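Input: a single structure, listed below in structure tokens.
Every value quoted in this text rests on a predicted model; they were computed, and no experiment measured them. Numbering starts at 1 and runs along the sequence shown.
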Amino acid sequence: MRNILIGGAWPYANGSLHIGHIAGLLPGDILARYHRAVGDQVYFVSGSDCHGTPVAIRAKQENRTPQEISDFYHKEFTECFAKLGFSYDVYTKTSADEHKAFVREFHRKLYESPYVYEKEAPQAYCENCETYLADRFVTGQCPKCGKDARGDQCDACGIVLEPETLIEPVCAVCGKPVSFKSSKHLYIAITKLQAELKALVDSHPQWRKNAIAFTNRYIEDGLRDRALTRDLEWGIKVPKDGYDNKSIYIWAENVLGYLSASKIAAEERNSDFYELWGKDAKHYYVHGKDNIPFHTIILPSLLLANGEGWHLPDQIVSSEYLTLEGRKISTSQNYAIWVKDLLDDYDADSIRYFFIANGPEKKDADFSWREYVHSHNGELLGAYGNFVNRSLAFIAKYCDGAVPDGIDDPERNKQIDELFVSTGKQIEKGAFKDALYEIFGFVRSANKFFDTEQPWLTRNTDKTACDNTLYQCVQIIASLAVLLLPFLPFSSEKVLRWLNISGKWERRSIPAGYSLPEVELLFQRIDKKVIDIETEKVKSVING
């Protein structure tokens with residue numbers, strides 16, 4: 001049994017979740033469910049990112065406190081993740097007492113290291129918003145290429161920036177010019193850790209290609225030291241004399257949530273937290289492309305500088321970008337599909353299937369309502385749902401609901417055993433789309449088997465052959481339910497209950513004579529009219 005940590009990126013608690021968030025985070029739940037099925041000790045953790053400029057600005061706009069804003073969205077996130085079947089062991093928030101206490105203790109130890117020093121530096125301040133701004137909330141023109149850029153980096157040319165170097169810097173929230181005020185802060189000397197960070201990426205060729213490329217680019221362009229503290233009221237107070245009016249910079253505390261949340265999980269099950277963070281564990285980090293440097297540069301730097309021998313990332317599961325009907329998702333322009341609304345009208349497994357089969361795993365992907373409906377009706381319902389329901393409905397109608405006698409097919413059993421092995425390997429290396437594609441290839445072959453054997457004819461002409469066909473179909477269904485459990489938990493759990501089997505990661509068999517309970521359709525067909533209706537809603541946002 002292995003200790004497995006799976007950390008899902010922490011969404012900012014300043015607005016609702018959209019489909020881009022789900023596309024990037026869903027792999028974490030697949031990993032967690034798979035590793036539990038094979039018998040590993042899993043710690044699947046995440047939470048809501050409640051501190052920092054985004055939440056403080058949203059609170060000011062709505063005349064509410066940052067705590068009220070972040071608590072509101074934390075509750076919404078928790079509900080959405082539950083409806084989507086995310087099986088977090090702990091889903092917490094950075095404003096939780098446990099997180100704040102852990103971070104303060106971690107930083108106390110960090111400040112004793114040779115990697116932390118004091119420095120006077122300019123900080124961007126927006127007079128209109130009456131707040132200091134995080135680097136990414138300052139925008140302007142890149143001093144190198146002249147294109148639009150954020151205060152932390154230019155996406156056009158890839159250069160790492162400081163906000164004061166931008167041409168005509170403005171507040172990303174209100175668009176007003178920003179000023180810069182000098183202030184003393186604690187910095188972490190990431191530049192001194194370049195060799196360790198380079199060794200980390202070089203020793204993990206299994207990371208996603210975008211993670212390797214982004215990390216190497218950051219290192220090659222020249223790492224920069226980062227401020228650990230900020231002149232913000234809303235945040236975790238700095239545990240150091242002379243810093244009473246400052247908070248720990250959000251990037252230096254939110255990634256530590258993986259530690260604080262897994263500590264809560266370990267305490268709840270009376271297991272060893274430090275063993276989880278020791279050398280024999282395996283750690284996955286699941287997030288979008290824009291979060292890569294936080295998990296391959298920032299988090300490892302904090303862990304290394306702290307000096308406690310913390311386990312460094314093993315697998316970076318970083319998705320590419322998701323667009324909506326061919327255009328970039330924009331929360332400021334309300335051009336998005338909000339998860340809470342999507343869940344009101346569509347099946348959770350259907351949503352999960354689309355974002356695994358068609359998501360931005362290896363390259364940018366687009367969500368279109370036409371593709372979503374066709375994916376659901378043609379693949380999920382048309383292939384898998386159809387095979388399960390036609391087989392079990394036939395048994396209910398013509399076999400009095402009891403699994404008929406049959407003979408195991410050694411060749412098919414071998415194929416299923418191999419499918420369990422190959423699917424597991426694909427999941428562990430982050431190739432979820434390939435894993436699902438292979439499973440659905442087997443689903444299509446199962447449908448072909450049913451069609452070729454024609455039980456609707458043989459039930460009158462060769463009952464032994466008919467019974468054998470249906471017996472074998474039930475065996476296939478039992479194993480498919482286990483194989484698909486990490487991907488489609490709700491429908492898979494239904495089938496597991498119908499067949500009275502567990503989700504243990506191995507080929508399953510159902511004895512002849514087993515009496516099936518009353519079964520129902522796994523999936524409902526989506527009316528094609530939905531395509532035009534939903535697409536028109538999206539277009540109405542564009543046309544304003």
Identify the two heavy atoms, one from P54 and one from N14, that lie closest to each other, and give their separation to 0.1 Å. CB-ND2, 3.5 Å
Return the CD1 to OH distance between I427 and Y34, rounded to the nearest 0.5 Å. 6.5 Å
Scanning both residues in full, the closest heavy-atom pair of W277 with S262 reads NE1-OG, 3.0 Å
Could you check whether Y258 and Y285 have their ring centres less than 6.0 Å apart? yes
On a heavy-atom basis, the closest approach of A9 and L25 is N-CD2, 3.5 Å
Using a strict cut-off of less than 4.0 Å between a Lys/Arg side-chain nitrogen and an Asp/Glu carboxylate oxygen, indicate whether K93 and D49 qualify as a salt bridge. no
Between F449 and R412, is there a cation-pi geometry (under 6.0 Å to ring centre, at most 45° from the normal)? yes
Examine F77 together with H21 and report whether their ring centres are nearer than 6.0 Å. no
What about Y284 and H35, are their ring centers closer than 6.0 Å? yes
Gap separating the CG atom of L342 from the CD1 atom of I337, nearest 0.5 angstrom: 6.5 Å
For residues F442 and Y437, establish whether the separation of their ring centroids is below 6.0 Å. no
If you round to the nearest 0.5 Å, how far is OG of S491 from CG of L381? 11.0 Å
Is the NZ or CZ atom of R352 both under 6.0 Å from the centre of the six-membered ring of F487 and within 45° of that ring's axis? no
Any chance the rings of F354 and F367 have centres within less than 6.0 Å? yes
For L522, is there any backbone N or O sitting under 3.5 Å from a side-chain donor or acceptor partner on N389? yes
Answer yes if the ring centres of F420 and W505 are under 6.0 angstrom apart, and no otherwise. yes
Assess R64 against F72: is NZ or CZ under 6.0 Å from the centre of the six-membered ring, and within 45 degrees of the ring's axis? yes
Lys/Arg-Asp/Glu bridge criterion (N-O < 4.0 Å) met for K494, E520: yes
Closest heavy-atom contact between Q524 and H376? O-NE2, 2.7 Å
